[in-house]
Amino acid sequence: MRLTWTLALLLCSAWTCTIVAAIEPISTSLAVGIAAAVTGFLARYQNILYYFQECCRPEWITYNRTALEVDLQAKLFGQHVATRVILKAVSGFMNNENPKKPLVLSLHGWTGTGKNFVSQLIAESIYRKGMSSGFVHLFTATAHFPHEMHLESYKTQLQQWIKGNVTNCPRSMFIFDEMDKMHPGLIDSIKPYLDYYETLDGVSYRQAIFIFLSNAGGENIVQVALDFWTAGRDREEIELKHLETALSLSVFNNKNSGFWHTSLIDKNLVDYFVPFLPLEYKHVVQCGMAEMHAKGRTPDMDVVDQMARDMSFFPKEERVFARQGCKVISSRLDFYI
């Protein structure tokens with residue numbers, strides 16, 4: 001008697017992995033012998049499976065504070081406030097064995113100031129696969145929740161997505177981009193998961209991380225930076241206390257924001273409102289040099305300087321702050337190289 005065995009993948013759940021591999025048709029006795037050998041091997045070296053397929057285990061999820069600190073200092077330009085707050089918030093949360101609630105961060109600032117990039121750095125410091133991890137979930141308002149008429153359906157789906165993923169891995173990360181384009185009221189549907197509950201329907205959300213990205217409040221941040229510059233004060237003097245209260249209020253009262261009158265703010269469930277300052281010329285140059293290096297080219301100051309000079313800055317005469325930030329630099333550099 002001959003059998004066709006089709007064992008194909010390493011399948012991993014939150015705590016167990018099952019090994020499967022393709023085997024040619026073999027006799028029953030030989031198959032049984034191999035199965036017994038594999039079973040014995042797995043019983044003795046069961047943890048080896050966790051190295052082949054991502055699992056919700058320390059082999060795949062371990063916070064590296066040093067890596068995050070180095071990346072923030074070396075790769076995030078012009079954001080001393082965000083750097084300090086992010087490192088303190090993430091480190092404090094990840095080192096707390098029994099947090100009382102999930103970590104909730106709300107990142108605000110103009111496009112190109114580094115909000116998405118910081119989310120990536122946080123993911124890379126926690127998950128071995130970074131943003132590619134199956135435990136990191138990115139939602140974009142215009143892509144995932146485009147139609148206001150389906151708002152109630154979106155609320156149900158969002159609750160199910162979060163509950164299902166946290167059930168699968170308590171140490172899950174959820175990133176919500178374009179909060180300024182999200183329908184007001186939608187984000188309130190996940191309020192219970194961000195609150196101080198020990199469990200909800202048997203599921204604990206206390207180890208999860210929620211990050212909201214928004215352009216809303218950017219004008220307030222820019223005004224503070226401009227006021228400091230006008231007064232002749234150093235940019236590095238700007239602290240979180242100069243921005244956080246006004247930022248949270250402006251976002252809460254912005255009818256065009258997903259945070260409009262949200263209970264997340266009203267109930268103080270957002271741990272930190274993190275401001276991203278408008279970038280200056282020198283920061284644009286730093287972004288350009290880093291981008292050339294990332295493209296595999298030798299950084300050329302003349303090329304980057306020419307590109308930066310051709311970008312739009314304000315105030316018009318003094319040309320202090322970049323209107324577009326670093327997001328457009330990758331494509332712009334191609335024109336000058």
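Remark: the D227 side chain and the Q223 side chain contain an N/O donor-acceptor pair separated by less than 3.5 Å. In this model, no donor atom of one side chain and acceptor atom of the other lie less than 3.5 Å apart for E244 and S248. For D310 and Q306, the side-chain atoms include at least one donor-acceptor pair closer than 3.5 Å. Between the side chains of E54 and S133, at least one donor N or O lies within less than 3.5 Å of an accepting N or O. Looking only at atom types and distance, the side chain of T142 has a donor-acceptor partner in the side chain of E178 under 3.5 Å away. No side-chain donor-acceptor contact under 3.5 Å links S172 and Y205.
Under a 3.5 Å cut-off, the side chain of R319 and the backbone N or O of R309 do form a donor-acceptor pair. Panel note: side chain Y193, backbone R206; no donor-acceptor pair is recorded below 3.5 Å.
Close placement of the H242 and F228 rings is indicated, their centers lying within 6.0 Å of each other.
By the criterion of side-chain heavy atoms lying less than 4.5 angstrom apart, applied directly or through intervening Ile, Leu, Val, Met, Phe, Trp or Tyr residues, M301 is not grouped with F77; the two fall into different hydrophobic clusters. L76 and L279 are members of different hydrophobic clusters when ILVMFWY side chains are connected at heavy-atom separations under 4.5 Å. In this structure, L151 is a member of the same hydrophobic cluster as F212, with clusters built from ILVMFWY side-chain heavy atoms closer than 4.5 Å.
At a threshold of 4.0 Å, the pair K155-D188 does not count as salt-bridged, since none of the basic side-chain nitrogens sits closer than that to a carboxylate oxygen. Ion pairing between K115 and D177 fails under the 4.0 Å rule for side-chain N and carboxylate O.
Taking a 4.5 Å side-chain heavy-atom cut-off between Ile, Leu, Val, Met, Phe, Trp and Tyr, the cluster of W229 extends to W110, V222, L226, F314, V320, F321.
None of Y127, W161, F176, F174 except one satisfies the ring-ring contact (aromatic ring centres under 6.0 Å, His included) rule with H137; the exception is F174.
A distance of 5.5 Å separates CG in L158 from CG in L186, rounded to the nearest 0.5 Å. Note that the CZ atom of R233 and the OG1 atom of T230 stand 12.0 Å from one another [nearest 0.5 Å]. In this structure, NZ on K163 lies 14.0 Å from CG on N168, to the nearest 0.5 angstrom.
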* Asked: Should Q73 and T83 be marked as a side chain to side chain donor-acceptor pair (under 3.5 Å) after you check the CA-CA gap, both sets of side-chain angles, and the distance that decides it?
  -> CA-CA 7 Å; Q73 294 289 349; T83 293; 5.7 Å; no
